[in-house]
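Whatever order the structure lists ligands and atoms in, that order sets their numbers, starting from 1.
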Amino acid sequence: ANWYSNSPLSPAHMDWSSHFPAFVDPDTSKTNLSGGRKLTKEVEVVDIGCGFGGLMVGLAPLLPDTLMVGMEIRTSVLEYLSSRIHALRSQQQRLKNKAANPSSTELQDASAQPEGTESTAPAPSNDDEIGTEKIFPGNFENITAIRSNTMKFLPNFFGHHQLSKIFICFPDPHFKARKHKARIVSESLNSEYAYVLRPGGLLYTITDVEEYHHWVLRHFLHGEQPEGAAPAPSSKDLFERVSEEELALDPCVRVMKYETEESKKVTRNKGNKYVAVFRRKADPEWP
Ligand code: SAM
């Protein structure tokens with residue numbers, strides 16, 4: 001398979017129905033451009049480079065009516081996460097059945113790692129998620145994962161102003177200067193993020209690498225244009241930084257800081273975590 005086989009021709013061709021069966025529109029006449037059934041709502045939240053999915057699993061009950069997708073380039077990691085989500089959904093279904101009929105079958109442990117994956121990820125993030133009979137809002141029906149290289153294909157999946165939140169958690173740092181072009185924050189990628197984010201939407205970043213944090217601030221708040229480029233709106237026209245006071249009230253920040261697998265590793269190693277969140281401004285006037 002090549003990358004193209006995973007990418008829809010355009011967002012209108014993307015068939016989300018198998019990802020979000022609980023949200024398929026009952027009207028069978030509503031289909032997308034590839035003939036798949038439409039959903040009752042659009043995907044709104046994306047986790048770029050989601051890894052083992054701690055962010056998605058942590059956010060799912062917080063935003064039970066919001067459809068969210070994690071995007072990940074590594075096949076084995078993606079397979080692990082898909083199995084994890086299916087296991088969580090099945091567990092929730094069993095709990096609901098059991099609540100309706102208390103003599104029904106025992107719980108299966110949704111933390112079980114599928115055979116053959118190289119995951120070192122821990123069980124789903126919430127300690128009482130497994131082993132106690134807890135039914136979570138949304139039953140994890142609102143999260144999914146897709147294998148894709150977001151540096152190439154984000155606009156194939158999401159239309160203009162479709163997203164309300166984008167997360168970039170602990171991106172690979174690519175320390176050496178000659179590798180900086182592989183970073184998933186850059187002037188050109190930021191304009192893609194601005195394209196798919198709606199005005200007022202938020203782009204969340206967190207890293208344990210202080211230099212990368214400054215790179216992020218520079219690229220979102222100053223927006224350098226390549227020499228000789230035609231004048232055009234840059235990141236500084238499109239994003240503003242969200243204040244600490246506002247972030248203190250945002251539960252998504254806590255999930256980002258403590259529930260992704262990488263954030264847990266940084267906590268264990270007593271490392272620093274640098275958070276920066278940007279609000280998509282209104283589209284600038286441009287002649
Ligand atoms: N966000 C997760 C967390 O906080 O636990 C994972 C962080 S890990 C350091 C970075 C992840 O980004 C890896 O899983 C990597 O495979 C993924 N990644 C890197 N480049 C990517 C790309 N272009 N598209 C999608 N995923 C990518």
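In the candidate list L189, I73, L55, I73 is nearest to atom 20 (N) of ligand 1, counting heavy atoms.
Note: F239 and F220 have perpendicular aromatic rings, judged against thresholds of 30 and 60 degrees for the angle between ring planes. Taking the six-membered ring for Trp and thresholds of 30 and 60 degrees, W16 and H19 have ring planes more than 60 degrees apart, a perpendicular arrangement. Ring-plane geometry between Y204 and F167 is classed as parallel, the angle between the planes falling under 30 degrees on a 0 to 90 degree scale with a further cut at 60.
Nearest to atom 8 (S) of ligand 1 among the protein's heavy atoms is F170 O, 3.7 Å. Regarding atom 4 (O) of ligand 1, its nearest protein heavy-atom neighbour is T260 OG1, 2.8 Å. Ranking protein heavy atoms by distance to atom 5 (O) of ligand 1, first place goes to E262 N, 2.9 Å. Counting only heavy atoms of the protein, atom 24 (N) of ligand 1 lies nearest to T150 N, 3.1 Å.
No side-chain donor-acceptor contact under 3.5 Å links R279 to the backbone of G201. Although no hydrogens or angles enter the test, the distance criterion places a donor-acceptor pair under 3.5 Å between the side chain of N190 and the main chain of H219.
Any N or O atom pair closer than 3.5 Å counts here, and E72 shares at least one such pair with ligand 1. Remark: ligand 1 and G49 share an N or O pair separated by less than 3.5 Å (distance only, no angle test). For ligand 1, the polar-atom distance check finds an N/O of C169 within less than 3.5 Å of one of the ligand's N/O atoms.
Close approach of ligand 1 to M151 is summarised as follows: ligand atoms under 4.0 Å from at least one heavy atom of the residue are 23 (N). Close approach of ligand 1 to N149 (heavy-atom distance below 4.0 Å) involves ligand atoms 22 (C), 23 (N), 24 (N). Proximity to S148 (heavy-atom distance under 4.0 Å) selects the following atoms of ligand 1: 24 (N), 25 (C).
Contacts between S263 and ligand 1 below 4.0 angstrom, taking non-hydrogen atoms only, are absent altogether.
Using a 4.0 Å heavy-atom cutoff, C50 is listed among the residues neighbouring ligand 1. Between D172 and ligand 1 there is a heavy-atom distance shorter than 4.0 Å.
Using a cut-off of 4.0 Å between Lys/Arg side-chain N and Asp/Glu carboxylate O, K265 and E262 are scored as salt-bridged. The pair E79-R147 fails the salt-bridge criterion, with no side-chain N (NZ, NE, NH1 or NH2) lying under 4.0 Å from an Asp/Glu carboxylate O.
When only modelled atom types and interatomic distance are considered, T66 and E44 share no side-chain donor-acceptor pair under 3.5 Å.
Of all heavy-atom pairs between Y212 and V185, the closest is OH-N, 3.8 Å.
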